[in-house]
Amino acid sequence: MSRPISDTTEKPNILLVMTDQHAARALGAAGDPAAQTPALDALAARGTRFSNAYCPAPLCVPSRMAFLTGLEPHVSGVRSNDDFLPSDIPTLAHAMGAAGYDTRLIGRMHFYGPDQHHGFGARPIGDIGAGWPGAGAPDIGALTGARGNRGAELPGSGMGETSYQAYDHAVTEMAERTLDEVIARRDAEGRPFFALVSLFCRHPPYIATPEDYRAIAPGVGPPRLAAPATRHPALAEWAEAGAVDTVPEDAVMRSRAAYYGLVRMIDRLAGRAIDKVAARADTLVIYVSDHGEALGERGLWWKSTFHDESAKVPMILAGPGIEAGAVDDRVVSLCDLSATLLARSGAAPLPGQIGRDLMQRADWHNQVTASYYGGLMNIRTGPQRHRMLRRDRFKLCWYDGYAPQLFDMRDDPDELTDLATQRPELVAELAAVLMQGWDPAAIARAQERAKQRNALLRS
């Protein structure tokens with residue numbers, strides 16, 4: 001068990017850089033030749049990279065809220081991008097503040113609703129856009145029009161400037177000023193800090209600056225995995241709703257090049273924040289993303305599926321007590337990361353948290369879940385209720401109203417062969433675990449209630 005830390009001067013500072021939609025493979029340290037990520041590669045060299053880290057939900061808001069609360073989306077009630085976290089649910093920031101930390105949120109966290117802090121002591125720059133009262137949105141001009149949330153918008157990808165890029169530069173500048181402030185406070189008063197710096201980009205639209213686009217485009221190839229001749233019905237409806245099966249080849253290549261250009265830009269910005277604490281032996285540094293990106297693999301784009309391109313995230317930890325230059329291949333999740341931060345800070349566990357301390361390796365159980373309940377791209381049948389279980393070498397994808405899928409991630413890491421009909425006994429075994437405490441019918445009723453509530457609040 002982790003030793004409780006009572007003296008705040010013994011506690012490590014924590015800098016966590018979270019970005020949006022970063023595919024786990026799109027790192028030089030992960031062996032991707034198209035990724036120009038020197039800052040993150042350097043962080044991995046002095047720390048540990050987790051090669052099997054999963055998000056709790058392949059969608060922004062539920063994934064982030066699950067990380068902050070340690071609760072699965074169906075437990076917290078934040079199932080989709082239309083839901084918001086109730087203020088009476090404690091978060092990582094509440095617990096760390098109670099443990100003596102100076103907690104700061106700089107940038108995006110996708111908070112919906114009137115509570116724009118959820119336990120953070122200060123939020124000098126909030127989410128992009130007007131948002132909710134108190135959101136603290138920066139003045140960066142008009143928002144980007146083409147968000148890239150449909151296949152028809154992908155032909156607009158390529159080189160250019162967007163307000164999302166401007167936002168990330170504003171967040172980085174504020175992060176540098178905030179880190180100077182909390183570092184000075186730590187040195188003067190001994191109070192540790194938890195600074196969460198959250199950037200928007202790699203989120204669509206797939207538009208990179210001309211400099212980043214030109215630097216990266218020659219090394220970006222086409223998708224490695226072709227679109228299947230037939231899709232699972234749940235994925236086929238999702239692909240049809242997003243019009244991703246009709247994206248022209250030139251748009252595919254421009255979108256991929258622009259995505260890697262944004263990877264290059266974000267690495268540069270994240271590196272600026274990391275550099276502020278790189279020389280400090282008392283600071284734990286983490287890099288992570290909220291979910292992945294399909295990036296044209298299998299003919300899919302964005303997130304919202306349980307394929308590893310979408311459900312896996314890059315996760316790197318470096319600092320005191322973290323092994324340098326290591327790759328940890330345990331199956332872990334963002335909820336395990338939040339449990340680890342609580343343990344390292346001496347904070348109390350969050351009520352009902354499902355995460356485990358990553359530093360406690362003995363008898364580690366390689367099992368995580370993820371869920372998807374639809375969002376801005378709800379298909380015509382309405383919000384979905386899908387859940388995934390990754391346990392050891394197998395992954396079970398359960399789609400409410402459809403047949404399940406089963407993949408052997410050791411022998412078939414590309415998830416090309418569905419074993420569900422060949423291994424019904426294994427499907428039943430894993431489904432029994434997956435369905436514990438998860439009632440699709442009850443969730444459907446809760447989704448309908450939330451739909452009515454959220455519509456009124458948004459108006």
Side-chain angles (χ1 to χ4, degrees), residues 1-6 8 10-19 24 40 43-44 46-57 63-72 90-101 103 105 109 119-120 192-198 274 277 280-291 312-324 326-370 390:
M1 297 293 291
S2 298
R3 177 177 64 87
I5 306 173
S6 57
T8 58
E10 297 180 31
K11 299 182 179 184
N13 305 314
I14 299 173
L15 168 63
L16 191 154
V17 179
M18 176 177 278
T19 62
L40 296 179
L43 184 67
R46 66 182 183 91
T48 296
R49 180 175 65 85
F50 289 80
S51 62
N52 284 307
Y54 285 86
C55 61
S63 182
R64 290 167 182 261
M65 298 309 105
F67 163 72
L68 287 175
T69 64
L71 303 175
E72 291 188 84
T91 70
L92 185 69
H94 287 112
M96 295 181 72
Y101 273 75
T103 59
L105 172 59
M109 195 43 64
F120 284 94
F193 62 82
F194 170 46
L196 201 169
V197 178
S198 188
I274 293 169
V277 299
R280 298 188 66 95
D282 61 353
T283 303
L284 178 64
V285 181
I286 305 102
Y287 176 83
V288 75
S289 189
D290 56 0
H291 52 71
K312 265 190 180 181
V313 295
M315 191 165 80
I316 304 169
L317 278 68
I322 306 298
E323 185 179 358
V327 177
D328 192 320
D329 62 2
R330 287 177 294 167
V331 176
V332 303
S333 83
L334 291 183
C335 291
D336 297 322
L337 175 60
S338 59
T340 303
L341 298 185
L342 292 171
R344 293 299 300 273
S345 64
L350 292 169
Q353 71 178 38
I354 61 170
R356 305 152 292 176
D357 183 358
L358 293 166
M359 300 300 103
Q360 305 302 317
R361 298 184 57 92
D363 301 320
W364 187 267
H365 191 34
N366 284 304
Q367 178 173 303
V368 300
T369 58
R390 171 74 195 269

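Values below: all heavy atoms of this structure, side chains included; hydrogens, waters and symmetry mates excluded.
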Check whether any side-chain heavy atom of Pro12 lies under 4.5 Å from a side-chain heavy atom of Asp282, and answer yes or no. no
Closest heavy-atom pair and its distance - Arg356, Gln367: NH2-O, 3.3 Å
To the nearest 0.5 Å, tell me how far Phe50 CZ sits from Leu317 CG. 5.5 Å
Do the non-hydrogen side-chain atoms of Pro90 and Pro351 ever get within less than 4.5 Å of each other? yes
Pairing residues for Tyr54 by the ring-ring contact (aromatic ring centres under 6.0 Å, His included) criterion, not counting sequence neighbours: none
From Met65 CE over to Leu334 CG, what is the distance, rounded to the nearest 0.5 angstrom? 11.5 Å
In the structure I gave you, are the side-chain heavy atoms of Tyr101 and Leu341 within less than 4.5 Å of one another anywhere? no
Please step through side chain to side chain contact (heavy atoms under 4.5 Å, CB included) for the pair Trp364 and Asp328, ending with a clear verdict. CA-CA 12 Å; Trp364 187 267; Asp328 192 320; over 6 Å; no
For Glu72 and Thr369, does a side-chain donor sit closer than 3.5 Å to a side-chain acceptor? yes
Going by heavy atoms in the side chains, are His365 and Val331 under 4.5 Å from each other? no
Look up atom CG in Leu71 and atom CD1 in Ile354, then write down how far apart they are to the nearest 0.5 Å. 7.5 Å
In Å and rounded to the nearest 0.5 Å, what is the CG to CZ distance from Asn366 to Arg330? 8.0 Å
If every non-hydrogen atom of Cys55 is compared with every non-hydrogen atom of Ala370, which pair is closest and at what distance? O-CB, 3.4 Å
When every non-hydrogen atom of Ile274 is compared with those of Leu15, the smallest separation belongs to CA-CD2, 4.0 Å
OG1 (Thr103) and CZ (Phe194) are apart, to the nearest 0.5 Å, by 8.0 Å
So among Thr48, Asn52, Asp336, Val332, which one has a side chain to side chain contact (heavy atoms under 4.5 Å, CB included) with Met315? Val332
Given 3.5 Å as the limit, does a donor-acceptor pair link the side chain of Ser338 with the main chain of Phe67, or not? yes
Value rounded to 0.5 Å, distance of CZ in Arg64 from OG in Ser289: 7.0 Å
Determine whether a donor-acceptor pair (N or O, by modelled atom type, separation under 3.5 Å) exists between the side chain of Arg344 and the backbone of Leu284. no
Taking all non-hydrogen atoms of both residues, which atom of Asp329 and which atom of Ser51 are closest, and how far apart? CA-OG, 3.3 Å
Between Gln353 and Leu342, which heavy-atom pair has the shortest distance, and what is it? OE1-CD1, 3.3 Å
Indicate yes or no: at least one non-hydrogen side-chain atom of Val277 is less than 4.5 angstrom from one of Val285. yes
Are Thr340 and Gln360 close enough, and set up right, to give a side chain to side chain contact (heavy atoms under 4.5 Å, CB included), and what steps lead you there? CA-CA 9 Å; Thr340 303; Gln360 305 302 317; over 6 Å; no
Extract all donor-acceptor atom pairs below 3.5 Å that involve side chains of residues 92-100 and protein atoms in other chains or at least two apart in sequence.
unit_1 : atom_1 : unit_2 : atom_2 : d
His94  : ND1    : Thr91  : N      : 3.0
His94  : ND1    : Thr91  : OG1    : 3.2

Taking all non-hydrogen atoms of both residues, which atom of Leu43 and which atom of Ala318 are closest, and how far apart? CD1-CB, 3.6 Å
